[in-house]
Amino acid sequence: MRGRYRPPAGPAAAAAGAGAAAGRRPGMGDSEPGLLTHAELRASGYDDYDDYVDEPLNDSGPEDDAPEETGKGKKGKAALTPKQRKKRRWKIIRRTLYAFFGVFVVLPAIAFTIAYFLVDVPTPEEVLAQQAQVVTYYYSDGSVMGKEIPDSGNRQVLKPGQIPDTVKHAVYAAEDATFETNNGFDVMGILGAVYNNLTGGSGGGSTISQQYIKKATENEAPTLTRKATELVKSFKMNQTQSKEDIITAYLNIVYFGRGAYGIEAASHAYFNKTAAQLTQSEAALLAGLIQGPGKSENAEYTTWRWNYVMDQMVKYNWLSDTDRKSAQYPTPLPKDQTKPQAITGNNAFIQAQVEAELEAAGYSKEKTQANGYNVYTTIDPNAQRLAEKAVNDVMQGQPPELKKALVAVDPKTRGVVAYYGGPNDKTDYIDWANTARNPGSSFKTFDLVAFLKMGKGLGETFDGSTHRQFGVLPNGNPRYINNAGASNSCSKECTVAEATMRSTNTVFFDMVANVTGPQAVADAAKEAGVTSLKAVDNNIALGGGSTMASPLDMAAGYATIADNGTYLDRHFVQKVTTPGGDVVYQPSSNPKPAFAEGDANKSKQIAGNVTNALKPVIQFSKLSCPSGHECAGKTGTQQYDASAGNGSGSEKDNSQVWMVGYTPSISAASWVGSDKNTPLRDKNGDAVSSTGLPAKMWQQFMNDYLKGKPSEKFPTVSPIGKSATAGDDASSSTKPTSSRSSTSSTTTPPSTPPSTPTHTPESTEPTTSKSRQTPTFTIPGGGGDDFGPTTTRDRG
């Protein structure tokens with residue numbers, strides 16, 4: 001066939017060609033007489049061009065195994081040379097690449113072009129019209145709690161050129177540093193979104209243009225389709241509008257929290273000034289809120305975001321290093337001083353909790369207001385009234401420096417039925433019910449959970465005497481742990497049941513440092529529903545140091561124990577409906593064993609044993625259960641640190657006091673403290689203890705709430721490990737002793753001191769000069785917390 005190269009066929013072919021006509025050029029073999037036009041191509045002895053084969057080739061199978069003497073493959077076809085096979089493979093690769101290019105480049109480009117002419121970009125005016133509906137909040141019984149009415153008069157639409165560079169640079173730093181140069185989309189962000197979508201994740205970097213489209217359309221579905229449509233609209237916006245128009249449109253509609261839409265409204269809501277008057281620090285704070293407007297009152301979150309934005313501004317040369325170092329966090333003005341609300345006072349704290357919960361579920365405040373939803377809460381109006389009455393009755397006439405909180409949770413549903421975080425007025429606008437503080441001995445409950453999970457029982461014994469040494473301080477001095485007082489100590493063979501009733505610090509510190517380890521306690525608390533824990537060390541045994549929990553945390557955590565060790569998400573939202581009554585959101589119920597994965601009976605047994613240990617604490621703390629109801633609970637105290645505190649207090653003063661307790665149908669946590677490390681003194685000038693004001697608030701609320709309700713008792717469970725009850729001290733003749741191979745009963749330091757300094761609450765006792773050289777540490781417990789205080793730092 002023409003164009004096909006025919007390699008020599010062997011000796012037979014050579015013989016046949018031996019007498020070929022003269023005049024044939026040397027080295028041309030049996031080729032035909034050369035043409036002038038092809039002469040140079042054939043100079044090497046064969047035609048390189050002939051390596052190309054027009055017809056389909058098959059370089060596999062029998063053809064490759066053709067006998068050498070014939071040089072023929074299957075059906076007489078010549079076998080392929082290595083060079084031919086190589087070219088054929090590249091041909092296949094090229095065609096594959098063409099196909100990929102068509103599928104992943106050409107087709108998307110065509111779809112992009114078609115979509116470009118079909119989509120419309122919403123105008124800010126259209127978006128603003130969707131953001132002006134009223135949201136109504138209801139109590140659990142359907143009565144109205146209040147309405148959130150968008151303040152249209154406070155929403156001022158700025159024109160291009162009216163937003164200062166100070167604000168724009170802060171927003172660029174927070175949201176899209178390349179805004180001025182990109183085409184409306186970020187390739188790396190898109191790839192991140194694709195990867196997250198394929199791997200089950202969420203998110204992906206979006207430009208300011210894309211965020212405008214998302215806010216304008218209220219479509220936040222984590223799908224590639226939404227991302228693709230968003231990208232087209234964003235690109236079209238950048239082709240048809242200037243960057244100044246785009247950033248102005250975005251900052252006119254974006255939500256900043258506190259009911260403020262747009263940068264001008266936000267400037268008034270947080271600093272009572274116009275956007276043009278914002279400083280770099282103030283602009284950075286507002287820019288940082290765009291990603292989490294529902295957390296606008298969370299000082300920890302806003303501070304973190306402010307620092308991030310300020311650092312980004314330095315990175316992109318919008319802020320000098322000198323100005324960054326001298327910058328101070330701009331504390332926003334109290335909400336009631338900048339924007340009047342339809343829902344005010346303590347109920348505004350409830351509203352904030354509801355908004356945060358809905359935002360986490362995908363229902364932002366923008367979406368809620370755009371649709372005019374009705375939000376039904378779990379707050380029982382009667383329980384809320386009784387909680388506020390208990391706080392006001394007990395705290396009436398007390399110094400304003402004393403802050404207070406009370407939270408009640410239904411163990412069966414884990415709905416928050418009463419929530420008091422403070423008056424939320426000019427005197428105190430912090431939500432103390434959601435503020436993490438040292439829980440003191442009320443956290444020993446989770447020591448018990450961790451201990452019982454190991455199979456250890458309430459009959460295990462520890463040395464309950466005071467002034468026991470546990471390792472050394474960072475400065476090398478011995479670390480001593482003391483009990484709060486004589487009634488808080490017990491024998492050298494003190495049972496866990498007895499130590500729980502007496503809140504014996506040395507027993508619980510020994511238990512955590514030498515048996516469970518601090519991480520097991522943290523895990524137990526988290527399994528119960530405590531969400532605010534961060535750093536973990538041995539101080540967690542006594543609720544001091546870096547151990548922090550909020551009253552909401554503690555009420556929810558104890559509710560898990562009250563509900564037989566069943567975990568449920570705590571929540572404030574009962575349901576969300578449209579104005580027509582259709583339910584659009586309802587929190588899912590996800591009950592599961594809290595303390596024993598997949599084993600509800602085991603988790604119930606652990607919770608029941610904890611309850612048995614906590615029941616005697618009520619009477620020991622001079623409290624009583626509501627008539628007809630069994631109850632259990634724990635007090636907690638944190639000592640005032642006189643060496644680093646504010647005020648003229650001493651080690652006999654406290655800075656945080658708690659009472660947390662429950663029945664099968666209600667769990668409540670009460671707290672009294674201060675906004676900083678200051679001594680707590682009541683109206684008579686006496687030190688405030690946990691069995692004082694917080695216990696009285698808890699007692700009154702529980703009595704009032706359960707009055708007239710059916711009697712209730714805790715279920716009976718089998719004891720775990722060695723059993724014992726409070727009052728049955730191991731030192732008595734009726735209690736056998738044990739070797740306790742897994743627990744420590746001596747006063748020697750643990751074999752492995754904590755790897756990090758343990759900021760154990762402690763106080764220095766007025767003893768001899770020797771004791772001053774080797775400090776002692778008093779860490780008061782729960783039931784007898786009024787016998788002594790706690791602090792949060794070591795002294796050496």
Side-chain angles (χ1 to χ4, degrees), residues 408-415 439 441-460 495-497 499-501 508 511-512 515-516 520-531 533 540 543 549 553-570 589-618 625 629-634 636 660-669 702 712-726 782-783:
V409 175
D410 182 350
K412 303 303 181 185
T413 65
R414 225 56 54 88
S441 291
S442 63
F443 215 75
K444 289 176 181 175
T445 295
F446 304 113
D447 299 354
L448 284 175
V449 173
F451 189 69
L452 290 162
K453 285 179 65 177
M454 296 178 66
K456 305 290 185 180
L458 302 181
E460 297 289 339
T495 66
V496 172
T500 302
M501 182 188 74
F508 280 92
M511 179 191 298
V512 173
V515 181
T516 68
V521 178
D523 292 342
K526 291 176 181 178
E527 290 163 354
V530 177
T531 62
L533 288 180
I540 198 171
D553 274 331
M554 297 301 285
Y558 274 48
T560 299
I561 300 170
D563 191 29
N564 303 314
T566 301
Y567 175 83
L568 286 166
D569 290 329
R570 72 188 187 211
S589 178
N590 57 340
K592 62 181 180 181
F595 308 126
E597 187 174 358
D599 191 340
N601 290 329
K602 182 64 175 178
S603 189
K604 177 180 179 180
Q605 186 184 23
I606 292 171
N609 275 257
V610 172
T611 296
N612 289 338
L614 295 181
K615 286 195 293 185
V617 174
I618 300 297
C625 294
H629 299 268
E630 282 192 331
C631 66
K634 193 79 182 70
V660 191
Y662 57 92
T663 72
S665 63
I666 192 70
S667 172
M702 296 292 278
E712 52 187 348
K713 291 186 177 182
F714 295 113
T716 301
V717 297
S718 301
I720 295 174
K722 188 179 299 183
S723 64
T725 57

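Just the heavy atoms: all of them, side chains too, but no hydrogens, waters or symmetry mates, feed the values below.
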How far does [atom1] of [X] sit from [atom2] of [Y], to the nearest 0.5 angstrom?
| X | Y | atom1 | atom2 | answer |
| --- | --- | --- | --- | --- |
| Thr516 | Met511 | OG1 | CE | 7.5 Å |
| Lys634 | Met501 | NZ | CE | 11.0 Å |
| Gln605 | Ile720 | CD | CD1 | 4.0 Å |
| Leu452 | Met454 | CG | CE | 10.5 Å |

Main chain of [Y], side chain of [X]: is a donor-acceptor contact present, judged purely on distance under 3.5 Å?
| X | Y | value |
| --- | --- | --- |
| Asp553 | Thr531 | yes |
| Glu460 | Lys722 | no |
| Ser603 | Asp599 | no |
| Thr495 | Gly459 | no |

Please examine the side chains of [Y] and [X], heavy atoms only from C-beta on, and report whether any two atoms are closer than 4.5 Å.
| X | Y | value |
| --- | --- | --- |
| Ile540 | Val512 | yes |
| Ser723 | Leu458 | no |
| Val717 | Asn612 | yes |

Check against side-chain contact (heavy atoms from CB on, under 4.5 Å), Val449 and Ile606: CA-CA 7 Å; Val449 173; Ile606 292 171; 4.3 Å; yes
Shortest non-hydrogen separation from Met702 to Gly661 and the atoms involved: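 For Met702 and Gly661, the tightest heavy-atom pair comes out as CE-O, 4.5 Å.
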Closest heavy-atom pair and its distance - Ala524, Ala450: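 That closest heavy-atom pairing would be CB-N, 4.1 Å.
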Partner residues of Asp569 under the side-chain hydrogen bond (donor to acceptor under 3.5 Å, both in side chains) criterion, sequence neighbours left out: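 Expected list: Tyr567, Asn590.
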With sequence neighbours excluded, residues passing side-chain hydrogen bond (donor to acceptor under 3.5 Å, both in side chains) with Thr663: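 For Thr663 the side-chain hydrogen bond (donor to acceptor under 3.5 Å, both in side chains) partners, ignoring immediate neighbours, are Ser665, Glu712.
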Solution key, residues 555-565 side-chain donor-acceptor pairs under 3.5 Å, sequence neighbours excluded:
from	atom 1	to	atom 2	distance (Å)
Tyr558	OH	Ser442	O	2.6
Tyr558	OH	Thr445	OG1	2.7
Thr560	OG1	Arg414	NH1	2.9
Thr560	OG1	Ala528	O	2.5
Thr560	OG1	Ala556	O	3.4
Asp563	OD2	Arg414	NH2	3.1

Which residues share a salt bridge (Lys or Arg N to Asp or Glu O under 4.0 Å) with Lys604, sequence neighbours left out: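 Lys604 satisfies salt bridge (Lys or Arg N to Asp or Glu O under 4.0 Å) with no residue once adjacent residues are dropped.
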Residues which pass salt bridge (Lys or Arg N to Asp or Glu O under 4.0 Å) with Lys602, listed by chain and number, not counting sequence neighbours: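 Once residues adjacent in sequence are excluded, Lys602 has no partner under the salt bridge (Lys or Arg N to Asp or Glu O under 4.0 Å) criterion.
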Partners passing side chain to side chain contact (heavy atoms under 4.5 Å, CB included) against Thr716 (at least two apart in sequence or in another chain):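 Checked Thr716 against side chain to side chain contact (heavy atoms under 4.5 Å, CB included); zero matches.
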Derivation of the side-chain contact (heavy atoms from CB on, under 4.5 Å) call for Glu630 and Cys625: CA-CA 6 Å; Glu630 282 192 331; Cys625 294; 5.7 Å; no
Partner set under ring-ring contact (aromatic ring centres under 6.0 Å, His included) for Phe443, not counting sequence neighbours: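 With sequence neighbours excluded, Phe443 shows a ring-ring contact (aromatic ring centres under 6.0 Å, His included) to Phe446, given in chain and number order.
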Heavy-atom neighbours of Lys412 NZ exceed 12 at 6.0 Å: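 Counting other residues, nucleotides and ligands, NZ of Lys412 exceeds 12 neighbours.
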Phe451 vs Phe508, ring-ring contact (aromatic ring centres under 6.0 Å, His included): CA-CA, chis, key distance, verdict: CA-CA 10 Å; Phe451 189 69; Phe508 280 92; 8.9 Å; no
